[in-house]
Structure formats: structure tokens, C-alpha cells
Amino acid sequence: MTSNTKTLTALALVSVLLTACGGGGGGGGSGSFSSTSSSEVALAADPDPSTEPGVLTVTDATVPSLNGVYGSGQLTLTEVYYQQAMGVKPAVCAYQFKGADKVDATATASAATGTTGTATVGTTSTPVSIVAASTSQAAVVGNITAPVSLTDAAPAVSTAFGKITYRPSATGLYFAFLTFNGKEYASGDSVDTLVDRSGNLVRFTSKTMTATDGSTDTLKLTAIIPLHTTRNANC
């Protein structure tokens, strides 16, 4: 093979790789968006700690335990990635956030008293309810009360996280998938949402969201969620 042929082959391979990776573009990377399912919102990195606070307030939830305030400090965020159009799916900007723990009084009480663990009495292991954060409690097994050692006794903390997408030229969101205490809810339109690029945030104002598990559960969300300052030039 001649030197010129080798060079042309190498350039062709580089061209293919650039096309597969979305080509050039500003920071924040790029990819493809192929579905409106949260599992198809592909992000190239896990969220990193940020210096940006966020707060989410859930009201009118048909699962009442989800009502409350989430976000006691700084959230973790991914950069905002540009995801190219695919078929009928438009190009979108997408990112992910985590770390919005529930902070209202009800959540604190629930975490302290509602956790379950395992009590071992002799050779018998029995599920028990933990009534305090201590790892040493008394358990009632039958009609016998005995001191026990509790395992897996860390308090369960309700938390919120999610994936958010918006179209490059839009002032509202495209799709958003937010999970509260393990239950995912989706927003499929821009109503009651705002993308504030200059303020580096997105906003929900009493936005009705619907569960994605096939149930009819809904909730209303009022929230300010930060946008990572590192964003693709299209976003």
C-alpha cells in the first residue's frame, strides 16, 4: 500500500469516527436522542458536585408521602449535552441532576422511625421496626422481649433526581423525567416550565407530572433546578 493510500484510509476512518460521535461543537458534548423514555436519554457522564443550590416542592401528590420539599443544598449536575435529531425526534439539550434530599419535618420523622432492619435473637432472625437511629434496640419476638443487634439499620432518606431535556431554541422544557423516593414522573410538554439560560436554571411552576409506571398517579411540582454552566454551544 502506498503512503498516499495509507493517508487517505486514515482520514476516512477519522471522518467516520467524528460522524459517529456527533462531530465538533462547543463544550458539553453531543449524542443522539432516540426516545421519550428516560432510559433513552443517554448522558456521557455521571453528575458532579456543583456549587449551585436547587429546591423542589411537591404538592397535591396522589401518593401523599411524596409531598414536601426536596433539596437542602448543592445538587450534583452533569454538563448539558447536545443530542442530535434522530428520525422524528428533534435535537435536544439534556442533563441530569441528583442529590435533592427531602428536608421537611415529615421526612425527618419518617427516616428516624420508619426504617426496618433485622433482629437476631439466638439463631433466629426476625424483621423489626427501628424506632430510633441507634443500632441497639429491644425487639419483641412472640411474647419475649430481648436486646438485639440491628443490621441494615441506616435511616432511609427520600430523595429526588432526574433527567431534563429542552430544545436548543426553546424557552420551555421538552421532556423531563423526575424520580421522587423511587417513583418516576414525567413532563411531556413545556407548559408551566421555563429555561432561563442567562440565570443558569430551569423552573417548574405548579407543573402537573404523571407517573411513568402505568398508574394514574400525579403530582404538582414547583422547582428551581440549576443548569450546569458548561453547556454545548447549541444549548
- Pairwise side-chain contact, Thr76 with Phe97, heavy-atom cut-off 4.5 Å (strictly under): no

- Which residue pairs pass the side chain to side chain donor-acceptor pair (under 3.5 Å) test when at least one of the two sits in residues 55-66, sequence neighbours left out? Thr62-Asp217

- Message: What I'd like to find out is whether the side chain of Lys102 reaches to under 4.5 Å of the side chain of Val69, using heavy atoms alone.
- Response: no

- Would you indicate whether the side-chain heavy atoms of Cys93 and Arg231 approach each other to under 4.5 Å? no

- Check Gly71 against Val103 and note the closest heavy-atom contact, atom names and distance. C-CG1, 4.1 Å

- For residues Tyr174 and Pro90, determine if any side-chain heavy atom of one lies less than 4.5 Å from a side-chain heavy atom of the other. yes

- Message: Donor-acceptor pair, distance only, cut-off 3.5 Å: does the side chain of Thr179 make one with the backbone of Gly162?
- Response: no

- State, yes or no, whether a side-chain contact exists between Asn200 and Pro226 at a heavy-atom distance under 4.5 Å. no

- Task: Kindly compute the distance separating CG (Leu221) from CZ (Phe204), expressed to the nearest 0.5 Å.
- Result: 5.5 Å

- Message: Minimum heavy-atom separation for Thr78 and His228, please, with both atom names.
- Response: O-CB, 3.2 Å

- Task: Starting at SG of Cys235, measure out to CD of Glu79 and round the result to the nearest 0.5 Å.
- Result: 11.0 Å

- Apply the side chain to side chain contact (heavy atoms under 4.5 Å, CB included) test between Leu201 and each candidate in Val195, Asp196, Leu227, Leu194; give the one that qualifies. Asp196

- Task: For side-chain contact (heavy atoms from CB on, under 4.5 Å), just list the numbers for Val202 and Ile164, CA-CA rounded to whole Å, side-chain angles, deciding distance to a tenth of an Å, and then say yes or no.
- Result: CA-CA 9 Å; Val202 299; Ile164 293 173; 4.0 Å; yes

- Query: Looking at side-chain heavy atoms only, is the closest gap between Pro168 and Tyr82 below 4.5 Å?
  - Reply: yes

- Message: Test of understanding: clusters of I, L, V, M, F, W, Y form through side-chain heavy atoms closer than 4.5 Å, transitively. Do Leu66 and Met209 belong to the same one?
- Response: yes

- Task: Nearest 0.5 Å please: distance from the CG atom of Leu219 over to the NZ atom of Lys183.
- Result: 9.5 Å

- Search all heavy atoms of Phe177 against all heavy atoms of Ala186 and return the closest pair with its distance. CD2-CB, 3.8 Å

- Query: Is Leu77 close to Tyr95 at the side-chain level, that is, under 4.5 Å between some pair of heavy atoms?
  - Reply: yes

- Query: Phe180 and Tyr70: aromatic ring centres closer than 6.0 Å?
  - Reply: yes

- Message: Using side-chain contact (heavy atoms from CB on, under 4.5 Å), reason through Lys207 and Thr193 one step at a time and then give a plain yes or no.
- Response: CA-CA 7 Å; Lys207 172 67 175 177; Thr193 68; 4.2 Å; yes

- Item | Over all atoms of both residues, closest heavy-atom pair of Lys220 and Ser206 | CD-OG, 3.6 Å

- Query: Given side chains that start at C-beta, do those of Leu178 and Leu56 come closer than 4.5 Å, heavy atoms only?
  - Reply: yes

- Message: Nearest 0.5 Å, please: how far is CG in Asp101 from OG1 in Thr159?
- Response: 4.0 Å

- Task: Look up atom CD1 in Ile225 and atom CZ in Arg203, then write down how far apart they are to the nearest 0.5 Å.
- Result: 11.0 Å

- Between Thr212 and Glu184, does any side-chain donor sit less than 3.5 Å from a side-chain acceptor? yes

- Leu75 side, atom CG; Ile224 side, atom CD1 - distance, nearest 0.5 Å: 11.5 Å

